[in-house]
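One-based numbering, in listed order, for ligands and for the atoms of each. A quick note: this is a predicted structure, and the numbers were derived from the prediction, not measured. If you read the sequence from its start, that first residue is 1, and numbering goes on from there.
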Amino acid sequence: MHELWSERDPRVPPHRRISADGRPTVAELAESIRSHPPASVGLLAIEVLGSRDVVGYCGLVDGRAFPGEPELAFELLRRAWGQGFATEASLAVLDRARSCGHQRVWATVWDWNTASRRVLAKLGFHETGRYEVHPDRGTTLFTSRRL
Ligand SMILES: CC(C)(COP(=O)(O)OP(=O)(O)OC[C@H]1O[C@@H](n2cnc3c(N)ncnc32)[C@H](O)[C@@H]1OP(=O)(O)O)[C@@H](O)C(=O)NCCC(=O)NCCS
């Protein structure tokens, strides 16, 4: 997680990036994960078959889009981009969401995040027309998919 946070795009809000003095530290991130156990599926580590290299996460979080409906989240280390991992992992998570009884999943994405928007389109997410504008960081699009 620390490696992921340190690679984040400068347009990601500062409180979700590693500061110049290295905060949050690995220990602080570990403590934050331990003290916030996931409600249902949670965020799962993406491990590459064979090498067992952990290259990111994918899962469901309690979304802000619609009460009781989860939000898909994924993020990979840069060295693992462009190999279909986000799409493959998301398909597994969506299967799990369906088997847990969820009927709809949301995903929010910055309008400038072309790769993520492409992943969501490949997964069958549709833009809902709902969005939030931040003056500096861009527009957050709300997308959803029925299961
Ligand atoms: C978004 C992200 C998860 C994608 O992971 P990935 O494993 O590389 O995704 P996939 O390989 O499954 O698919 C990426 C798709 O986007 C396309 N793509 C990537 N960069 C692109 C760009 N700059 N312009 C257009 N298309 C792009 C790829 O060609 C591919 O589409 P294709 O299969 O039709 O060729 C990864 O880039 C990432 O971790 N980004 C930072 C965190 C993030 O944005 N998380 C999502 C928040 S909503």
Rounded to the nearest 0.5 Å, what separation is found between the CG atom of Leu76 and the CH2 atom of Trp81?
9.0 Å
Protein heavy-atom partner closest to atom 33 (O) of ligand 1 - residue, atom, separation in Å
Lys122 NZ, 2.7 Å
Would a distance-only check, ignoring hydrogens and angles, find a side-chain to backbone donor-acceptor pair under 3.5 Å from Ser116 to Asn113?
no
Does the protein come close to atom 28 (C) of ligand 1 - that is, does one of its heavy atoms sit below 4.0 Å from that atom?
no
When you compare ligand 1 with Val109, is there at least one nitrogen or oxygen pair between them that comes in under 3.5 angstrom?
no
Nearest non-hydrogen protein atom, atom 11 (O) of ligand 1:
Gly84 N, 2.8 Å
Testing Leu141, Thr140, Thr139, Asp9 for side chain to side chain contact (heavy atoms under 4.5 Å, CB included) with Trp110, which one passes?
Thr140
For atom 15 (C) of ligand 1, what is the nearest protein heavy atom, given as residue, atom name and distance?
Arg118 CG, 3.5 Å
Polar contacts were defined as any N/O atom of the residue lying under 3.5 Å from an N/O atom of the ligand; does this apply to Leu76 and ligand 1?
yes
Around atom 23 (N) of ligand 1, find the nearest protein heavy atom and jot down its residue, atom name and distance.
Thr114 CB, 4.3 Å
Starting from atom 45 (N) of ligand 1, what is the nearest protein heavy atom, named by residue and atom, and what distance separates them?
Phe74 O, 2.9 Å
Among non-hydrogen protein atoms, atom 14 (C) of ligand 1 lies closest to Val119 CG2, 3.7 Å
I want to know if ligand 1 touches Asn113 in the polar sense, i.e. an N/O pair below 3.5 angstrom.
yes
Answer yes or no: is there a donor N or O on one side and an acceptor on the other, between the side chain of His134 and the main chain of Asp136, under 3.5 Å?
yes
Show which atoms of ligand 1 fall inside a sub-4.0 Å distance from at least one heavy-atom site of Ala86.
3 (C), 4 (C), 5 (O), 6 (P), 7 (O), 9 (O), 12 (O)
What protein heavy atom sits nearest atom 42 (C) of ligand 1, and how far off is it?
Glu75 CG, 3.6 Å
Are any side-chain N or O atoms of Glu28 and backbone N or O atoms of Thr25, one a donor and one an acceptor, separated by less than 3.5 Å?
yes
I'd like to know if Glu7 contacts ligand 1, where contact means a heavy-atom distance under 4.0 Å to any ligand atom.
no
Decide whether the shortest distance between a heavy atom of Thr108 and an atom of ligand 1 is less than 4.0 Å.
yes
Closest approach of any protein heavy atom to atom 38 (C) of ligand 1, naming residue and atom
Trp81 NE1, 3.3 Å
What I'd like to find out is whether the side chain of Pro70 reaches to under 4.5 Å of the side chain of His102, using heavy atoms alone.
yes
Quick one: which ligand 1 atoms are inside 4.0 Å of a heavy atom on Gly82?
6 (P), 8 (O), 11 (O)
Out of Gly56, Ser116, Ala115, who is nearest to atom 18 (N) of ligand 1 when you count heavy atoms only?
Ala115
Ignoring hydrogens and angles, state whether a donor on the side chain of Trp106 or Glu69 is under 3.5 Å from an acceptor on the partner side chain.
yes
Would a distance-only check, ignoring hydrogens and angles, find a side-chain to backbone donor-acceptor pair under 3.5 Å from His2 to Pro24?
yes
Purely on distance, is any nitrogen or oxygen of Ala80 under 3.5 Å from one on ligand 1?
no
Could you measure the distance from the SG atom of Cys58 to the CD atom of Glu88? Nearest 0.5 Å is fine.
10.5 Å
Which of the numbered atoms in ligand 1 are below 4.0 angstrom from a heavy atom of Thr87?
10 (P), 12 (O), 13 (O)
When rounded to the nearest 0.5 Å, the distance separating CZ of Arg79 from CD of Glu7 is 8.0 Å
For Asp95, the side-chain hydrogen bond (donor to acceptor under 3.5 Å, both in side chains) test, sequence neighbours excluded, returns Arg98
Steps toward side chain to side chain contact (heavy atoms under 4.5 Å, CB included) verdict (Ile33, Met1):
CA-CA 10 Å; Ile33 292 168; Met1 289 301 281; 4.0 Å; yes
